[in-house]
Amino acid sequence: MDATLKERKKTVAVFDDDRDLLDIYSYLLEEEGYEVVLYSNCDDVVAKIKELRPDVILMDNWIPVMGGVAAIGELKKEETLRDIPVILVSANNDVAKVAEKAGADGAIAKPFEFDDLLSLIAKLSN
């Protein structure tokens with residue numbers, strides 16, 4: 001392989017309406033070598049993801065306008081997007097059940113340990 005070619009950074013799309021949390025995601029994930037693209041709502045989620053083509057998506061459950069569950073449903077209906085892993089992130093007590101019902105590929109409950117999130121991202125983005 002040509003030594004001048006750098007390995008492409010994996011891209012994580014993060015959907016959350018908490019600005020402070022978006023800043024934390026950005027800082028921590030970029031420190032781990034990910035390219036991070038942040039969204040504070042899930043308006044036009046299908047168009048955003050079609051354009052970006054991330055390796056993994058973090059989706060907050062309580063995000064304007066349609067909410068994370070509906071947004072995941074929209075993404076999973078799209079044949080060209082359904083294979084992109086989506087992790088539902090929520091403070092909901094039954095986050096695993098909600099994620100399964102939504103069609104998410106993984107779930108993590110807020111508050112979470114960053115190492116747990118990193119492990120899940122690595123597992124699903126390979």
Side-chain angles (χ1 to χ4, degrees):
M1 183 167 145
D2 187 348
T4 61
L5 292 178
K6 291 172 61 177
E7 186 177 327
R8 182 184 76 83
K9 282 185 176 184
K10 290 193 177 189
T11 302
V12 180
V14 181
F15 290 83
D16 201 301
D17 60 334
D18 182 327
R19 185 76 236 169
D20 293 334
L21 194 51
L22 286 174
D23 290 344
I24 291 167
Y25 280 125
S26 181
Y27 174 77
L28 293 173
L29 290 170
E30 286 173 359
E31 284 290 309
E32 293 295 322
Y34 291 98
E35 181 178 332
V36 182
V37 180
L38 306 173
Y39 301 99
S40 60
N41 64 61
C42 56
D43 297 348
D44 302 318
V45 67
V46 169
K48 289 172 180 172
I49 296 303
K50 277 186 176 179
E51 182 179 335
L52 182 62
R53 298 290 179 175
D55 296 285
V56 67
I57 301 165
L58 300 181
M59 180 67 69
D60 180 37
N61 190 31
W62 305 108
I63 185 168
V65 169
M66 71 174 71
V69 170
I72 292 168
E74 292 296 310
L75 292 169
K76 294 301 182 178
K77 280 195 272 188
E78 290 289 322
E79 189 170 329
T80 60
L81 304 178
R82 70 173 50 128
D83 291 335
I84 298 172
V86 181
I87 300 169
L88 182 69
V89 184
S90 178
N92 187 305
N93 290 340
D94 293 326
V95 66
K97 283 184 184 177
V98 174
E100 185 178 334
K101 186 175 180 180
D105 302 281
I108 196 154
K110 291 179 184 176
F112 53 80
E113 292 294 326
F114 189 64
D115 287 342
D116 294 340
L117 179 64
L118 281 177
S119 293
L120 189 54
I121 290 171
K123 175 183 165 189
L124 292 176
S125 66
N126 284 330

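Scanning both residues, L58 and Y25, for their nearest heavy atoms gives CD1-CE2, 3.7 Å. The two atoms that bring A99 and A107 nearest to each other are CB-CB, 3.5 Å, heavy atoms only. Between I63 and Y39, the shortest heavy-atom distance links the atoms CD1-O, 4.3 Å. Smallest separation of non-hydrogen atoms from L75 and L81: O-CB, 3.7 Å. The shortest heavy-atom contact between R82 and K77 is NH2-O, 3.3 Å. Here the closest heavy-atom approach between residue A71 and residue M59 is recorded as CB-CE, 3.7 Å.
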Mind running side-chain contact (heavy atoms from CB on, under 4.5 Å) on R19 and L38 for me, showing each step along the way? CA-CA 10 Å; R19 185 76 236 169; L38 306 173; 3.9 Å; yes
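Transitive grouping of hydrophobic side chains (ILVMFWY, heavy atoms separated by less than 4.5 Å) keeps V98 and I108 in distinct clusters. Using a 4.5 Å cut-off between side-chain heavy atoms of Ile, Leu, Val, Met, Phe, Trp and Tyr, with links allowed through other members, V37 and V46 fall into the same hydrophobic cluster. L28 and I57 fall into different hydrophobic clusters, where Ile, Leu, Val, Met, Phe, Trp and Tyr side chains are chained together by heavy-atom contacts under 4.5 Å. Linking ILVMFWY residues whenever their side-chain heavy atoms come closer than 4.5 Å, directly or via other members, places I121 and V89 in the same cluster. In the hydrophobic clustering of this structure, W62 does not group with F112; members are Ile, Leu, Val, Met, Phe, Trp, Tyr whose side-chain heavy atoms approach within less than 4.5 Å, directly or through other members.
Rounded to the nearest 0.5 angstrom, M66 CE and E74 CD are separated by 5.5 Å. In this structure, CD in E32 is found 10.5 Å from OH in Y27, a value given to the nearest 0.5 Å. L88 CG to E100 CD: the interatomic distance, rounded to the nearest 0.5 Å, is 12.0 Å. The distance from the OG atom of S125 to the CG atom of L120 is 9.5 Å, given to the nearest 0.5 Å. Here the CG atom belonging to L29 is positioned 6.5 Å from the CG atom belonging to L117, to the nearest 0.5 angstrom. Between the OH atom of Y34 and the CG atom of L118 there is a distance of 6.0 Å, given to the nearest 0.5 Å.
Under a 4.0 Å N-O distance rule, the pair K76/D105 qualifies as a salt bridge.
Here the side chains of K50 and D44 are not in contact, with every heavy-atom distance at 4.5 Å or above. A heavy-atom distance below 4.5 Å is found between the side chains of K10 and N126. Side-chain contact between V12 and P54 is absent, with no heavy-atom pair separated by less than 4.5 Å. The side-chain heavy atoms of I72 and F15, taken from C-beta on, include no pair separated by under 4.5 Å.
Between the side chains of K48 and N41, at least one donor N or O sits under 3.5 Å from an acceptor N or O.
Listed for the S26 side chain is no donor-acceptor partner under 3.5 Å among the backbone atoms of L22. In terms of modelled atom types and a separation under 3.5 Å, the side chain of D18 and the main chain of L21 share a donor-acceptor contact. Between the side chain of D55 and the backbone N or O of T11, at least one donor-acceptor pair lies under 3.5 Å.
Between K110 and the choices N92, N61, D60, the side-chain hydrogen bond (donor to acceptor under 3.5 Å, both in side chains) rule is met once, by D60.
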